[in-house]
Amino acid sequence: MKGATAKLLPALLIAPLLAGCLGAAPPVPRDHYYRLLVPTPAQSAQEAPLSGVMAVELLQADGLLRERPLLYSESGQSFELQQHHYHYWNDAPPRMLQDQMVAYLRRSGVAGLVVTPDMRIRADYQVSGKARRLERLLGGGPPRVIVEIELALLRLADGRLLVVDSYVAEEPAENDSVEAAVVSLNRATARVFERFLSEVRAAAAGDAATLQSGRQRVPSGG
């Protein structure tokens, strides 16, 4: 028994020395979670161009864009998309974009009421779309981000497509941190929403003019 203890003592003495040489294991990085908080436009006091109810559908997305890790691509290698470790959106991007678009369009006063289909309110107009890019662009110049969303506005009464387009916005980031990229992604998304809103208002004005012209051409009875 004494012999076994004598053999064990050197190993116990050497173990702390080995641990000191190898060093302590680095701490595991903590997870970071980010919100999409798109700046909203100034509230309009004018009458809503679309007097009915507008429903904003859940946006579609493919592959990695449906998942919560933040995405990035290297300059010159845009065909390769990568996920950040330890950096996540607080919800899936399609859901965040839907929520932010509802808040943005509701604040703009473009329609009498802006809702999601979850509220089960009969809608007069439907906004649908697909998120194509929501990512950081790294390397090859200053840090920046890109947002690309395809959006469409449908009038449900007759199935007429009033607006359909793909909107792209690039925005520089203040520095190369993920936090700065998130701020820029919010600004770029606001630019996409702003362009869509502008086209919706133009389409509503053109549609109203067409309807008014049609009424004027209707012959009076008698």
Side-chain angles (χ1 to χ4, degrees), residues 20-43 56-108 116 127-152 165-200:
C21 293
L22 295 175
V28 177
R30 71 179 181 87
D31 291 335
H32 300 262
Y33 300 91
Y34 305 94
R35 293 186 179 95
L36 195 66
L37 297 172
V38 177
T40 55
Q43 193 165 16
V56 179
E57 297 281 323
L58 179 66
L59 268 64
Q60 302 297 309
D62 292 329
L64 298 180
L65 198 49
R66 292 180 297 183
E67 301 178 9
R68 290 173 58 198
L70 268 71
L71 302 176
Y72 68 95
S73 58
E74 299 284 352
S75 179
Q77 297 182 355
S78 58
F79 54 85
E80 182 180 2
L81 196 60
Q82 301 184 60
Q83 290 179 318
H84 275 294
H85 297 298
Y86 312 114
H87 295 279
Y88 305 90
W89 293 112
N90 73 312
D91 203 347
R95 177 64 67 183
M96 290 192 306
L97 289 167
Q98 180 195 32
D99 290 342
Q100 291 302 298
M101 183 174 290
V102 167
Y104 189 95
L105 295 176
R106 188 178 289 166
R107 175 76 175 178
S108 74
T116 65
V127 175
S128 59
K130 185 172 185 177
R132 298 194 177 277
R133 299 184 75 177
L134 185 75
E135 69 201 58
R136 302 177 69 197
L137 301 176
L138 303 181
R144 60 201 190 281
V145 303
I146 186 169
V147 174
E148 180 179 358
I149 308 175
E150 182 179 324
L151 292 168
D165 207 345
S166 186
Y167 306 89
V168 183
E170 283 195 30
E171 187 77 17
E174 184 176 350
N175 53 55
D176 60 1
S177 68
V178 175
E179 291 79 5
V182 171
V183 172
S184 295
L185 284 166
N186 277 284
R187 289 200 303 262
T189 304
R191 287 174 55 195
V192 166
F193 289 176
E194 181 182 12
R195 289 173 54 195
F196 176 66
L197 175 61
S198 178
E199 292 195 13
V200 169

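Note that these values count all heavy atoms, side chains included, but never hydrogens, waters or copies made by symmetry. The model shown is predicted, which means the values in this text are computed figures rather than measured ones. Along the sequence shown, residues are numbered consecutively beginning with 1.
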Is the backbone N or O of Leu185 less than 3.5 Å from a side-chain atom of Arg136, with the two atoms forming a donor-acceptor pair by type? no

Closest non-hydrogen contact found for Ala103 with Thr40 is O-CG2, 4.3 Å

Indicate whether any N or O donor in one side chain lies under 3.5 Å from an N or O acceptor in the other, for Ser198 and Arg195. no

Exam field: side chain Arg191 to backbone Tyr167, donor-acceptor pair closer than 3.5 Å: no

If the test is side chain to side chain contact (heavy atoms under 4.5 Å, CB included), which one of Val168, Val145, Ile149, Ile146 qualifies with Arg133? Ile146

Counting only N and O atoms by type, is there a donor-acceptor contact under 3.5 Å from the side chain of Glu148 to the main-chain atoms of Ser166? no

Report yes if some heavy atom in the side chain of Arg132 is under 4.5 Å from a heavy atom in the side chain of Glu150; otherwise report no. yes

Side chain to side chain contact (heavy atoms under 4.5 Å, CB included) between Leu134 and Trp89, worked out: CA-CA 11 Å; Leu134 185 75; Trp89 293 112; 4.1 Å; yes

What distance separates Leu37 CG from Gln100 CD, expressed to the nearest 0.5 Å? 5.5 Å

Check whether Arg35 reaches the backbone of Met96 with its side chain - one donor and one acceptor, N or O, closer than 3.5 Å. no

Checking the side chain of Ser108 only, and the main-chain atoms of Leu105 only, is there a donor and an acceptor separated by less than 3.5 Å? yes

Quick one: does Leu36's side chain get under 4.5 Å of Asn186's, heavy atoms only? yes

Are side-chain heavy atoms of Met101 and Val127 found at a separation under 4.5 Å? yes

Looking only at atom types and distance, does a side-chain atom of Asp176 sit under 3.5 Å from a main-chain N or O of Pro143, one as donor and one as acceptor? no

Contact check, side chains of Leu151 and Glu199, non-hydrogen atoms, under 4.5 Å: no

Do Leu138 and Ser73 touch side chain to side chain, with heavy atoms closer than 4.5 Å? no

Measuring from Gln98:CD to Leu59:CG, what's the distance to the nearest 0.5 Å? 7.5 Å

What's the verdict on side chain to side chain contact (heavy atoms under 4.5 Å, CB included) for Glu174 and Val183, showing C-alpha distance, side-chain angles and the deciding distance? CA-CA 9 Å; Glu174 184 176 350; Val183 172; over 6 Å; no

Kindly indicate whether the side chain of Leu64, heavy atoms from C-beta on, has any atom under 4.5 Å from the side chain of Glu67. yes

Looking at every non-hydrogen atom in both residues, tell me the closest pair between Arg66 and Ala92 and how far apart they are. O-CB, 3.6 Å

Considering non-hydrogen atoms only, spot the tightest contact between Pro172 and Ser184 and give its length. O-OG, 2.8 Å

Gln60 atom CD: more than 12 heavy-atom contacts under 6.0 Å: no

Kindly indicate whether the side chain of Val178, heavy atoms from C-beta on, has any atom under 4.5 Å from the side chain of His32. no

Give me the atom names and distance for the closest heavy-atom approach of Ala188 to Ala169. O-CB, 3.6 Å

Can you tell me if Glu135 uses its side chain to pair, donor with acceptor, with the backbone of Leu81 under 3.5 Å? no

State the OG1-CZ distance between Thr116 and Arg95, to the nearest 0.5 angstrom. 7.5 Å

When rounded to the nearest 0.5 angstrom, what distance separates OH in Tyr86 from CG in Asp31? 8.0 Å

All heavy atoms of His84 vs all of Tyr72, minimum pair found to be NE2-CD2, 3.4 Å

Distance from His87 atom NE2 to Tyr33 atom OH, nearest 0.5 Å? 11.5 Å

